[in-house]
> 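Input: one structure, supplied below.
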Amino acid sequence: MSRDEVREHLAAYSLDALEARERDAVDDHLTRCPDCVRELCELQAVASRLGLALPEADLPTGAKDRMVARALEGERWTLSHEKRVWPRLAVPRFAPAAWAAGVSLIVALSTSLWAAGLQVQLNEQRAIVASLRGPAARYDQIVSVLQAPDVQLRALQGSELAPSAIGRVYVDPQTGAGMMVVRSVPPLSEGRAYQLWCVRPDGTRESGGLLKHTDLHGNGYAPISCPGPLATWQRLGITEEPAAGSSAPTGQRVLGGTV
Amino acid sequence: MTYPVEGGSEADDETLCARIRARDVRALEALHERHGRALFSLALRMLAESEAAEEVVQETFLKLWQQPDRYRPERGRLLPWLLGVAHHRAVDRLRRRRLEQRYNANPRLAEFGSPPPDPQDTFVDTLRGEAIARALRTLPEAQRQAVELAYVRGMTQVEIAQFLGEPLGTVKTRLRLAMQKLRGSAELAEMRPGGGVP
């Protein structure tokens, strides 16, 4: 998209009135054009003034607490206003033997705490490694599919539900393993997923895999595993389903194409 | 227009953002007290559903909490940025709602996801800000309507064209001219980056 074309789109961009594909093109231009960024900032300030002028409404009771609870969910945090201040203690006078016993006790306690701390760190590292195994395995599968010499590509077009959406299915024609990539589909909400369907000539459908996450612009990718060689399928389709997947399509087709 | 902070926090937005970067959740609370109502008012007007509007407000502040560096003070004040994020989230929900209506072949599709405007309750008449209402009144009705359909009802240019039965190019021109006029309006000079948006 040229600079003049982008400038034609900035007003609609500031009002969130662009199609996803147009927005992506403008975003791409904005990364290298400070003049357009400046103009957009001014237009967005105008748009925000519209928002500020709308009739006031009170937030529901407890809204702030619910927001804070979500912010802190699963996160380590420190309340800066709750930093602990240890009181200054008056040091009592003890005999040398009592000092030695006390020091020994402190050393023993410190060692135990240090060991416990190491164990906690070790457990954390294990958890991190475990959490990375899934994505790493997914990337491995995707890389192996893309490196396969006879990898096949099938293009999917958006249905009337998502006319600007596009999809690509990369698949090993023998094993059916591969990946799907979608762009500009309606972003997924929690508990929902896009499911790939392989359609046989007789119309029966079998699941080829699930895509559980899209970004705000409706872009995403996921590994797939079509049941059997590509030649046994006539068409491919993608529908929105519950996150656990369905045994047969329950939603309308968002993307589709022929094999 | 001000949204007073309960508890009397006097720190400005920039200071509170710096404290959020240092993971001070009290700063997040203070910003929610200061700006939450403005965001909720926008989301509620767009979505016409309190629970969904509160979720939009939550998501907006969560974005600030999780990605504080996405807000760039040199590009403008915090509140317009927060409103922009909340608007984008609300638009996502509206478009999703419309898609679901199509998905379920719901006859309410024609309503484009939010309640139809009351003819006695036009967009301009409901606005509290006199400057913005005056500036909008200077626009031709067709341009004003295009801005309302885009901003409040979350329609894309393509959807507006379908809704109005007008050519897409006409809608694009109306939106562009309307925003250019509003931007150039003396009434709204204060809102520009570095200007007086509270």
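Every heavy atom of this structure was used, including side-chain atoms; hydrogens, water molecules and symmetry mates were not. In this text the structure is predicted, and so the values were computed from the model without any measurement. So you know, we letter chains A, B, ... as the sequences are listed, proteins then strands, and number each from 1.
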> Could you tell me which of A:Ser14, A:Pro186, A:Ala162 has the largest number of non-hydrogen atom pairs under 4.5 Å with chain B?
A:Pro186
> Is it the side chain or the backbone of A:Glu22 that comes within 4.5 Å of chain B heavy atoms, both, or neither?
side chain
> Between A:Glu56 and B:Arg37, does any NZ, NE, NH1 or NH2 come within less than 4.0 Å of an OD or OE carboxylate oxygen?
yes
> Between B:Glu51, B:Arg96, B:Glu55, which residue shows the highest count of heavy-atom pairs closer than 4.5 Å to chain A?
B:Arg96
> Heavy atom to heavy atom, less than 4.5 Å: which residues from residues 168-177 of chain B reach chain A?
B:Lys172, B:Leu175, B:Arg176
> Do A:Asp16 and A:Arg23 sit within salt-bridge range, that is, some charged N less than 4.0 Å from a carboxylate O?
yes
> Name the option with the most non-hydrogen atom pairs under 4.5 Å to chain B; the candidates are A:Glu8, A:Gln44, A:His9.
A:Glu8
> State whether A:Arg21 and A:Glu19 are salt-bridged, where the test is any N-O pair (Lys NZ or Arg NE/NH1/NH2 against Asp/Glu carboxylate O) under 4.0 Å.
no
> Sort out for me which of B:Arg93, B:Glu59, B:Glu54, B:Arg95 touches chain A most, counting heavy-atom pairs under 4.5 Å.
B:Glu54
> Give a yes or no on whether the backbone of B:Tyr151 and the side-chain of B:His87 come within a donor-acceptor separation of less than 3.5 Å.
yes
> Side chain, backbone, both or neither: which part of B:Arg89 has an atom under 4.5 Å from a heavy atom of chain A?
side chain
> Keeping B:Arg23 on the side-chain end and B:Arg19 on the backbone end, is there a donor-acceptor pair under 3.5 Å?
no
> Is A:Glu160 atom CD crowded by more than 12 heavy atoms from other residues, nucleotides or ligands, each under 6.0 Å away?
no
> Sequence neighbours left out, what passes salt bridge (charged side-chain N to carboxylate O under 4.0 Å, His left out) with A:Asp27? Give chain and number order.
none
> If you define the side chain from C-beta out and look only at heavy atoms, does anything of A:Tyr221 sit under 4.5 Å from A:Val182?
no
> For the atom pair OG1 (A:Thr239) and OH (A:Tyr194), what is the distance rounded to the nearest 0.5 Å?
9.5 Å
